[in-house]
Protein chains: 2
Amino acid sequence: MTENDIFRALADPTRRAVFEKLAAGRMNATALREGMAISQPAISQHLSVLRTARLVKEMREGRFVFYEVDPEGLALVAGWMAKYRAYWPARVDALKDLLKDMDQ
Amino acid sequence: MTENDIFRALADPTRRAVFEKLAAGRMNATALREGMAISQPAISQHLSVLRTARLVKEMREGRFVFYEVDPEGLALVAGWMAKYRAYWPARVDALKDLLKDMDQ
DNA sequence: TCGACACATAAGCATACACTTATTTGTCGA
DNA sequence: TCGACAAATAAGTGTATGCTTATGTGTCGA
């Protein structure tokens, strides 16, 4: 789970889509696959990459494996971002919203 | 300059190193190359990718081209992060520092 | 104005990566 | 216990990517 693992994991649009789906709530691999034009092994491989990056974590339950967002990976992205905070533009609304949410 | 451009740009360790160097201050391509075991075209190509992602911007001055961090790209990463703020771990110190800095 | 320099572009190459189909492993319910 | 299902792994393939050397383009100073 290095910075490299994370950014390489996030570089693929399909993986970001998977991650986004999981952000809505935990889900098993088959449910995750629904609506995506992709094979079962492909999803499995993507999940493996995301898991290595600690962007998701798995919870085995019988023959199902539920996946959910792992905050650890996000924290590392945030850590990377923090290094460049001097360059964060004040005008970016997204950041302001961010701040508001965190300030509670 | 899409989300995809950004994350693909950040997926390469050499490009992140270049970006980090630029975060210390603007620099031309040749200066940027110093200390890196890489050819001149390689740096030029990396800068092109970073520029497309709006992670850096260029300023031509005579025969030099100075590069510097473009906040635009960082803002997009922040925007992506913001979507998952529900998962941000309170315990992550980096995030707290982040918050402190932003709260000024 | 001409040689040196800064940088970009062209072309080619080896490797990494995302995907596929086939198969394996493991768990459930009838 | 056996057939169906969930998921992972194996193996192979086309394309993307990061690198190189060679060359082009533009700007400077002697």
Side-chain angles (χ1 to χ4, degrees), chain A residues 1-22 24-70 73, chain B residues 1-22 24-70 73:
Chain A
M1 177 254 206
T2 65
E3 201 167 75
N4 208 50
D5 290 329
I6 307 248
F7 284 114
R8 284 208 11 262
L10 291 175
D12 184 75
T14 304
R15 276 194 293 268
R16 287 199 308 278
V18 166
F19 184 80
E20 184 146 18
K21 268 196 164 185
L22 287 177
R26 63 182 232 142
M27 215 177 288
N28 66 22
T30 302
L32 216 38
R33 193 186 160 200
E34 275 163 29
M36 312 197 83
I38 200 172
S39 68
Q40 176 266 318
I43 283 280
S44 185
Q45 287 157 18
H46 282 311
L47 285 168
S48 172
V49 172
L50 288 167
R51 197 166 355 100
T52 300
R54 299 216 40 190
L55 283 161
V56 308
K57 55 188 172 187
E58 65 173 41
M59 293 185 59
R60 300 184 166 274
E61 289 182 19
R63 66 177 150 162
F64 297 90
V65 179
F66 286 90
Y67 282 91
E68 58 185 61
V69 169
D70 185 345
Chain B
M1 176 251 208
T2 65
E3 202 167 73
N4 208 50
D5 290 331
I6 307 249
F7 284 115
R8 285 209 8 265
L10 291 175
D12 183 75
T14 304
R15 275 194 293 268
R16 288 200 307 279
V18 165
F19 184 81
E20 185 147 15
K21 268 195 165 186
L22 287 178
R26 66 182 228 141
M27 215 176 290
N28 65 24
T30 303
L32 217 38
R33 194 186 160 200
E34 275 164 29
M36 313 196 82
I38 201 174
S39 68
Q40 176 265 317
I43 283 278
S44 185
Q45 287 157 18
H46 282 311
L47 286 169
S48 172
V49 172
L50 288 168
R51 198 166 354 104
T52 300
R54 299 218 40 190
L55 283 161
V56 308
K57 57 188 171 187
E58 66 174 38
M59 294 185 59
R60 300 184 166 274
E61 290 184 19
R63 66 177 152 165
F64 298 91
V65 180
F66 287 91
Y67 283 91
E68 59 185 63
V69 169
D70 186 345

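Bear in mind that the values here come from a model prediction, so they are computed numbers and not experimental data. By convention in this document, chain letters (A, B, ...) are assigned in the order of the sequence lines, proteins followed by strands, and residues within each chain are numbered from 1.
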Separation of [X] atom [atom1] from [N] atom [atom2], in whole Å?
| X | N | atom1 | atom2 | answer |
| --- | --- | --- | --- | --- |
| A:Asn4 | C:dA16 | CG | C1' | 12 Å |
| A:Ile43 | D:dA7 | CD1 | C1' | 12 Å |
| A:Arg60 | C:dC28 | CZ | P | 12 Å |
| B:Glu34 | C:dC5 | CD | C1' | 14 Å |
| A:Met27 | D:dA7 | CE | P | 12 Å |
| B:Glu58 | C:dA6 | CD | P | 17 Å |
| A:Asp12 | D:dA16 | CG | C1' | 12 Å |
| B:Leu47 | C:dA6 | CG | P | 15 Å |

Just call it for [X]: base, sugar-phosphate, or nothing, with non-hydrogen atoms closer than 4.0 Å on any strand.
| X | value |
| --- | --- |
| B:Arg33 | nothing |
| B:Tyr67 | sugar-phosphate |
| A:Ser39 | base |
| A:Thr14 | sugar-phosphate |
| B:Ala29 | sugar-phosphate |
| A:Ser44 | base |

Discussion item. Tell me whether the side-chain N/O atoms of B:Arg63 come closer than 4.0 Å to OP1 or OP2 in C:dC7.
Written reply: no
Of the options [options], whose atoms approach the side-chain atoms of [X] most closely?
| X | options | answer |
| --- | --- | --- |
| B:Thr30 | C:dC28, D:dA7, C:dA6 | C:dA6 |
| A:Pro41 | C:dA22, C:dT9, C:dA6 | C:dA22 |
| B:Ile38 | D:dC19, D:dA7, D:dA4 | D:dC19 |
| B:His46 | C:dT20, D:dG18, C:dA8 | D:dG18 |
| B:Arg15 | D:dT20, D:dA6, D:dG18 | D:dG18 |

Tell me which donor-acceptor pairs under 3.5 Å the side chains of residues 30-39 of chain A have, and how far apart each pair is, sequence neighbours excluded?
from	atom 1	to	atom 2	distance (Å)
A:Arg33	NE	A:Ile38	O	2.8
A:Arg33	NH2	A:Ile38	O	3.4
A:Ser39	OG	A:Ala42	N	3.3

Worksheet item: Is there a donor and acceptor pair closer than 3.5 Å between the side chain of A:Gln45 and the base of C:dT20?
Response: yes
Item to complete: Ignoring hydrogens and angles, answer whether the base of D:dA6 and the side-chain atoms of A:Gln40 contain a donor-acceptor pair closer than 3.5 Å.
Response: no
Worksheet entry | Nearest atoms (heavy-atom pairs only) where B:Tyr67 meets B:Val56 | CD2-CG2, 4.0 Å
Worksheet, complete the sentence: When A:Glu61 and B:Val65 are each assigned the nearest nucleotide of DNA chain C, the 5'-most assignment goes to B:Val65
With rounding to the nearest 0.5 Å, note down the distance linking [atom1] in [X] to [atom2] in [Y].
| X | Y | atom1 | atom2 | answer |
| --- | --- | --- | --- | --- |
| B:Gln45 | B:Thr14 | CD | OG1 | 11.5 Å |
| B:Leu10 | A:Ile6 | CG | CD1 | 12.0 Å |
| B:Leu22 | B:Leu55 | CG | CG | 10.5 Å |

Worksheet entry | Carboxylate-amine/guanidinium proximity below 4.0 Å for B:Arg26 and B:Glu61 | yes
